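Positions are given from 1, in the same order as the sequence printed here. Bear in mind the structure is a predicted one, so any value in this text is a computation, not a measurement.
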Amino acid sequence: MQKFSTAVLALALSLGAASTHAEDAQCNTVKLADPGWSDIATTNAITRLLLESLGYQVKIDSLAVPIIYGGLKDGRVDAFLGNWMPAHQGFHDKFVATGDVQQLARNLEGTEFTLAVPDYVWNAGVKDFADLQTHADQFDKKLYGIGSGAPANLSLKEIIDKNAFNLGQWKLVESSEQAMLAQVDRAVKKQQFITFLGWTPHPMNVKLKMHYLTGGEQWFGSKGEVYTLTRKGYAQACPNTAKLLGNLRFTLDMENSIMAEAVDKKVSFDEASKAWVKAHPEVLEAWLAGVTSKAGGDAKEAVKAKL
């Protein structure tokens, strides 16, 4: 009986090791994507901190939004924490609703994403999309967007193409988030009229005296939400990391605070995120619920040891 029990135990341990090894081979490195947005740089940094503390490796590729969704579909990207809704409705319909990409969890709510203007432009009477054409010459008939292919840019192009709000003769200026905000800074210093894509969470809400225009709800919605997406079958293949990704919930104050820290103190998003988590260890309780380290150990102890 003793020999039989020992043999059974050895077999069980062997099968467990084989199962863990199989998961390690597929799930050891978590592939994330960053479209070049400060808010996603923040949430990716938090995710990287947690995953690396648990013993996983993290690879973050800088990719345009359409490439990210395509990467999720074909398995080149494991997870994306930046499915902004309703701004990404078109991508949701094409990839998520069809089942090619899976929606894992909502990680943020209460977002705004639409055209914005500096306070002096707002005070001059530009408070709605319908007010833009009235001041067309002052704006030089330009709408400043972010990187080419971004869903918000596609919405602005549609507005122009359909001559909504009489903006058919306007031009969309596409550039990176950083280049767009640099243009806004130059305009503000000269008190020039400018309208640009604004969103929260983002340090621009702290740095700039700005207001969001009404009237664009058909294209941008009102208050929005952000979801975490994964490639099809990821949760089944990598249940531990998927559990962590599904647990992650953020707040506007949290993200704005981390982003402002990174910008104001000129530190990396990784450093700013680590400092925030270290100062707010209570968030680990919910984030790490049902999660273990890669080796099967206590997740909270593993993360706290890295802080």
Side-chain angles (χ1 to χ4, degrees), residues 30-51 58-97 100-114 145-155 174 176-178 180-181 197-205 219-221 223-232 234-235 241-242 244-252 254-256 258-259 262 269-270 272-273 287:
V30 182
K31 296 173 288 185
L32 304 177
D34 181 357
W37 306 338
S38 296
D39 57 300
I40 305 305
T42 297
T43 54
N44 276 348
I46 291 173
T47 305
R48 190 208 316 254
L49 169 65
L50 298 175
L51 286 170
V58 178
K59 183 175 185 289
I60 302 177
D61 287 325
S62 297
L63 303 168
V65 173
I67 305 301
I68 291 174
Y69 281 91
L72 286 166
K73 180 180 179 179
D74 65 23
R76 289 180 293 114
V77 176
D78 289 327
F80 177 45
L81 281 70
N83 171 218
W84 277 67
M85 294 295 288
H88 288 198
Q89 187 66 53
F91 288 104
H92 177 277
D93 295 344
K94 183 177 179 180
F95 293 95
V96 181
D100 292 324
V101 173
Q102 295 183 328
Q103 186 183 88
L104 189 63
R106 180 178 63 191
N107 65 54
L108 183 68
E109 55 187 323
T111 61
E112 288 187 82
F113 196 0
T114 188
I146 48 178
S148 179
N153 284 12
L154 300 179
S155 295
E174 297 182 302
S176 68
E177 169 193 321
Q178 293 75 19
M180 179 194 75
L181 291 175
L197 278 172
W199 62 91
T200 183
H202 193 280
M204 70 174 83
N205 296 276
W219 288 270
F220 297 97
K223 297 292 183 179
E225 302 170 320
V226 183
Y227 290 85
T228 298
L229 306 179
T230 66
R231 60 177 171 83
K232 188 175 181 179
Y234 183 75
T241 52
L244 172 62
L245 292 169
N247 285 348
L248 292 177
R249 301 290 187 277
F250 310 110
T251 68
L252 298 177
M254 173 196 303
E255 292 193 30
N256 279 328
I258 293 171
M259 288 185 279
F269 285 97
D270 287 318
S273 296
W287 284 354

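Paired with Asn107 under the rule side-chain contact (heavy atoms from CB on, under 4.5 Å), one option of Leu245, Thr251, Asn247, Val226 passes, and it is Val226.
When every heavy atom of Gly149 is checked against every heavy atom of Leu154, the shortest pair comes out as O-CD1, 4.1 Å. Nearest heavy-atom pair, Pro86 versus Gly221, reported as atom, atom and distance to 0.1 Å: CG-CA, 3.6 Å.
Here NE2 of His88 is found 14.0 Å from NZ of Lys94. Values are rounded to the nearest 0.5 Å. To the nearest 0.5 angstrom, Thr43 atom OG1 is 4.5 Å from Leu81 atom CG. The distance from atom NZ of Lys73 to atom CZ of Arg231, rounded to the nearest 0.5 Å, is 15.5 Å. Rounded to the nearest 0.5 Å, atoms OG1 (Thr47) and CZ (Phe250) are 4.5 Å apart. How far CG of Asp100 is from CG of Leu229: 12.0 Å, rounded to the nearest 0.5 Å. Taking CD of Gln178 as the reference point, atom CE of Met180 lies at 9.0 Å (rounded to 0.5 Å).
Among residues two or more places apart in sequence or in another chain, the salt bridge (Lys or Arg N to Asp or Glu O under 4.0 Å) test is passed with Arg249 by none. The side-chain contact (heavy atoms from CB on, under 4.5 Å) test applied to Ser273 returns Thr42, Ala45, Ile46, Ile258, not counting sequence neighbours. For Pro66, the side-chain contact (heavy atoms from CB on, under 4.5 Å) criterion is met by Ala64, Phe91, not counting sequence neighbours.
A tilted orientation is assigned to the rings of Trp37 and Phe80, their planes being inclined by 30° to 60°.
Counting heavy atoms from C-beta outward, Leu181 and His202 have side chains that approach closer than 4.5 Å. Leu63 has its side chain within reach of Val77: a pair of non-hydrogen atoms, C-beta onward, lies under 4.5 Å apart. Looking at Leu72 and Tyr234, their side chains never come closer than 4.5 Å, going by heavy atoms from C-beta outward. Contact check for Leu252 versus Leu108: side-chain heavy atoms found under the 4.5 Å cut-off.
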side-chain hydrogen bond (donor to acceptor under 3.5 Å, both in side chains) evaluation trace for Asn83 with Tyr69: CA-CA 9 Å; Asn83 171 218; Tyr69 281 91; 3.0 Å; yes
